[in-house]
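First the structure, in the form of structure tokens, and then the observations on it.
Below, chains carry the letters A, B, ... as their sequence lines are ordered, and counting in each starts from 1. Keep in mind that this is a model prediction, so the values were computed, not measured.
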2 protein chains.
Amino acid sequence: MGDLKKIHISLTKPDREMLKAIYRLSKGGGFAHTGALADAIGLSPGTVTTTIKRLAERDLLEHQPYRGVELTTAGRRAAVSAIRRHRIVERFLSDMLGYAWNEADRLAGAFEHELPQEVEERMFVAMDRPATCPHGFPIPDPDVSHIPEMPTLYALEPGAEAVVAVPGSTDPEVVKFLDAMGLRPGVRVLIKEKHPFDGPLVMRVAGQDRTIGEKVASQIFVRVLSDSDDGSNGSGKLKEQPA
Amino acid sequence: MGDLKKIHISLTKPDREMLKAIYRLSKGGGFAHTGALADAIGLSPGTVTTTIKRLAERDLLEHQPYRGVELTTAGRRAAVSAIRRHRIVERFLSDMLGYAWNEADRLAGAFEHELPQEVEERMFVAMDRPATCPHGFPIPDPDVSHIPEMPTLYALEPGAEAVVAVPGSTDPEVVKFLDAMGLRPGVRVLIKEKHPFDGPLVMRVAGQDRTIGEKVASQIFVRVLSDSDDGSNGSGKLKEQPA
DNA sequence: GTTGACTTTTTGAGTACCCAAAACAATAAT
DNA sequence: ATTATTGTTTTGGGTACTCAAAAAGTCAAC
């Protein structure tokens, strides 16, 4: 409703990181707690508290002392815009400079904050408006306050088809394992069986049957394919979908 | 060519800007003065003094109170490396994102400071190691402490051939005029006559004879061409020159 | 319901950064 | 040579950012 005027808020690096972390930790709804934020960003709890208070004064979040924080709509919009920028920069590093998808995450964090929003937008169009970051997560539209949730691989039922996305924070050992299985960002999978009681999952990846356990399958996010979808979003580009 | 271990000094944004400004203001040799630095960077004189003292403690420059500052070799190397980064980022904005050469300067300054040196290097190779920035000034090698001087257009004698370079700080009106004359960065000129007593300069630009006054000609820098040179450095790319 | 464990906030301390204005040094003018 | 001008440095004041450690609050266990 009241986006009276879209005054583009200027945020500092710690502010942005904070908003992103809060968004991540509270996307299920509910509060993000100081301690969790502290080790998500790598700051001391005291620093988190003061940063939070600064942001609360700008109405980007609500702080219930000793209880936690919750983003306001403006805060959520700012967080999503920070995430958008991060993912665009990741794509740039991967598409235009040839970095591997797991390196892009690290490097993007280093300079995304100072990047003029204007340049971010040009990067985006220069890459033909990619739909996802190199990890396979969607690049949200500007000025939205929500990014669609993605289920994990293990949440799928047999018969479902999906495109995989692997978080940047994934343990390198796990990444190596996934790579050997062909489970890279953007790859298309078809679920064949799921054994009961948290049992393993059988699926078809790149023409081969693969079995993975619940532990790993729950760490992989997916975009479920509708019938008309061809899965090209993950690694390629996509401008608009036919109605 | 050993990119072995360069103890890369970590400099903050104001520090880098300061070093760049000092280099610029003292490249003829001699001192840079506080006041000149203050309005070159847009800081108050007091701030300049404190910044200078911080840099002096790191042995990047020598400060003679009330007299001025002079870069040490380490300081000059740091300054050149900052300039190198600036010019690479400018080229990136111009070549890969399509910004005009006079816009690139402004935007580069905004985010060059946080750019990991690693990414800077990749940009450089991704653009096939360009020889100059979009303004026509050379991109120096890493770890050198000096950038070759360029004469101004007005310093040339009849018969000389050169490639033009236009500073980013040039007055927009002048830029418009130069553009109408075809005097863009990278363009090749041949000097035909120079009238005495600071009189006008006649030259051949893109197949046409042009005459400009001393005032303007003294603001344009040039790279003088040797006989074998073809002048393609300015707007195009160049890896290495045949011996 | 008091105790103890845990978390969060506050406090104290330090750096980097900035400015305006007072104090100071060097130079130019009389 | 004293004064005035100019330029530089210092001082005092402010914000943002960080931490470690002290104080305060919450909650669960006894």
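A:L55 has its CG atom 13 Å from the P atom of C:dT9, to the nearest Å. Taking atom CG of B:L25 as the reference point, atom P of D:dG7 lies 15 Å away to the nearest angstrom. Atom NZ of B:K53 is separated from atom C1' of D:dT8 by 11 Å (rounded to the nearest Å). Atoms CD1 (A:I52) and C1' (D:dT18) sit 15 Å apart, rounded to a whole Å. Note: CG (A:L37) to C1' (C:dT7) measures 13 Å, nearest angstrom. Rounded to an integer number of Å, the gap from A:E17 CD to D:dA16 P is 19 Å.
We find that A:D179 and A:R184 are joined by a salt bridge, their nearest charged nitrogen and carboxylate oxygen being less than 4.0 Å apart. Ionic pairing of A:R85 and A:E120 is present here: one or more N-O contacts between side-chain nitrogen and carboxylate oxygen are shorter than 4.0 angstrom. Between B:R129 and B:E121 there is no salt bridge, since none of the side-chain N atoms of the basic residue sits less than 4.0 Å from a carboxylate O of the acidic one. The pair B:R87-B:E90 does not meet the salt-bridge criterion, since no charged nitrogen lies less than 4.0 angstrom from a carboxylate oxygen.
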Handout entry: Per-nucleotide protein contact string for nucleotides 15-26 of chain C (B base, S sugar-phosphate only, - none; heavy atom under 4.0 Å)
Key = --SSB----BSS
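Considering only residues two or more places apart in sequence or on other chains, B:Y66 meets the side-chain contact (heavy atoms from CB on, under 4.5 Å) condition with none of them. Every residue two or more places apart in sequence or in another chain that forms a side-chain hydrogen bond (donor to acceptor under 3.5 Å, both in side chains) with B:S218 is listed here: B:E214.
Rounded to 10°, the helix from C:dG1-D:dC30 to C:dT30-D:dA1 has 20° between the axis fitted to its first five pairs and the one fitted to its last five.
Legend: side chain to side chain donor-acceptor pair (under 3.5 Å) pairs involving residues 42-57 of chain B, not counting sequence neighbours, sorted by first then second residue: B:D15-B:R54, B:S44-B:T47. Residue pairs meeting the ring-ring contact (aromatic ring centres under 6.0 Å, His included) criterion with at least one member in residues 112-146 of chain B, sequence neighbours excluded: B:W101-B:H135, B:F137-B:F221.
Here A:T34 lies in heavy-atom contact (under 4.0 Å) with sugar-phosphate atoms only.
Closest approach of A:V144 to A:D141, counting heavy atoms only: CG2-O, 3.3 Å.
Close to D:dT6, at under 4.0 Å from its OP1 or OP2, lies no side-chain N or O of B:H33. Between B:H63 and D:dT9 there is a side-chain N or O to OP1 or OP2 distance below 4.0 Å.
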